[in-house]
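Heads up: the structure comes next, in structure tokens.
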Amino acid sequence: MKMKSQAICTGIKESSGVFEETKKAFSSTTFHLIVDVAENSAGRSIGSVSRPFKFGDATEFEKWAHLDKSWPVTGLLCDCEFDVVAGADNASKLTLVGIKPAAQQMQKAA
């Protein structure tokens, strides 16, 4: 099931290279999005944390690189699309399948 939501992105990391042992290449971009602490918690919790979501390969980072010098300390509001898959233990797994700066965020920057 697809789900659209807005989230605060606190950072983006590009990763690419070759594993030495297997000579296998890797390439990814990781978006750190703020989520509710209770999302994967057994017990009580308060607040939110930044959680990594991989999306695309390392070239995805280039779409965001222009924000390097203007990245807000509080993070960037983004429009996100997730794929939600039910897990075996009544938990759901979120996979990031789309992300872009929110339209209202871009209007503020202009």
Side-chain angles (χ1 to χ4, degrees):
M1 172 177 90
K2 299 267 192 250
M3 174 183 84
K4 292 185 178 186
S5 179
Q6 286 193 320
I8 301 291
C9 181
T10 59
I12 305 169
K13 176 153 181 19
E14 167 194 45
S15 297
S16 64
V18 177
F19 291 108
E20 288 183 23
E21 292 179 11
T22 62
K23 306 294 186 219
K24 184 176 177 179
F26 63 91
S27 177
S28 68
T29 299
T30 302
F31 292 84
H32 293 269
L33 303 176
I34 293 180
V35 296
D36 186 349
V37 170
E39 180 194 3
N40 276 334
S41 173
R44 298 176 355 149
S45 60
I46 297 173
S48 56
V49 296
S50 176
R51 177 181 152 200
F53 288 90
K54 288 191 186 282
F55 175 69
D57 60 20
T59 61
E60 179 69 23
F61 186 86
E62 292 307 316
K63 297 176 187 175
W64 301 79
H66 68 282
L67 298 170
D68 181 35
K69 303 290 186 224
S70 62
W71 193 265
V73 173
T74 56
L76 187 71
L77 182 64
C78 293
D79 293 324
C80 303
E81 186 174 356
F82 295 95
D83 193 15
V84 183
V85 179
D89 56 355
N90 288 335
S92 57
K93 179 181 178 188
L94 290 177
T95 302
L96 185 63
V97 295
I99 186 168
K100 63 182 181 182
Q104 63 199 44
Q105 185 74 36
M106 295 314 292
Q107 290 171 356
K108 287 180 187 177

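- Taking CZ of R51 as the start and NE2 of H32 as the end, the distance is 11.5 Å to the nearest 0.5 Å.
- Here CG of L76 is found 7.5 Å from CD1 of I8. Values are rounded to the nearest 0.5 Å.
- In this structure, F19 and F26 have tilted ring planes: the angle between them lies in the 30° to 60° band.
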Just do the side chain to side chain contact (heavy atoms under 4.5 Å, CB included) check on E60 and I12 with the steps written out, would you? CA-CA 10 Å; E60 179 69 23; I12 305 169; over 6 Å; no
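- To the nearest 0.5 angstrom, S15 atom OG is 10.0 Å from F61 atom CZ.
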In sequence, state the C-alpha distance, the side-chain angles, and the governing distance for W64 and C78, and then conclude on side chain to side chain contact (heavy atoms under 4.5 Å, CB included). CA-CA 12 Å; W64 301 79; C78 293; 3.9 Å; yes
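- Across D83 and M1, no two heavy atoms sit closer than the pair OD1-O, 3.2 Å.
- Cluster membership for V85 and L96, using ILVMFWY side-chain heavy atoms within less than 4.5 angstrom, is not shared.
- Note that the SG atom of C80 and the CD atom of Q6 stand 8.0 Å from one another [nearest 0.5 Å].
- With contacts defined as side-chain heavy-atom distances shorter than 4.5 Å, the pair L33/I99 qualifies.
- Across every non-hydrogen atom of S50 and T10, the tightest pair is OG-OG1, 3.0 Å.
- Heavy-atom minimum distance, F31 versus C9: CD2-SG, 4.0 Å.
- For the atom pair CG (D57) and CD (E14), the distance works out to 9.5 Å, reported to the nearest 0.5 Å.
- Taking hydrophobic clusters as Ile, Leu, Val, Met, Phe, Trp and Tyr residues chained together by side-chain heavy-atom distances below 4.5 Å, F55 shares a cluster with V84.
- Residues W71 and F53 fall within the same hydrophobic cluster, defined by Ile, Leu, Val, Met, Phe, Trp and Tyr side chains chained together at heavy-atom separations under 4.5 Å.
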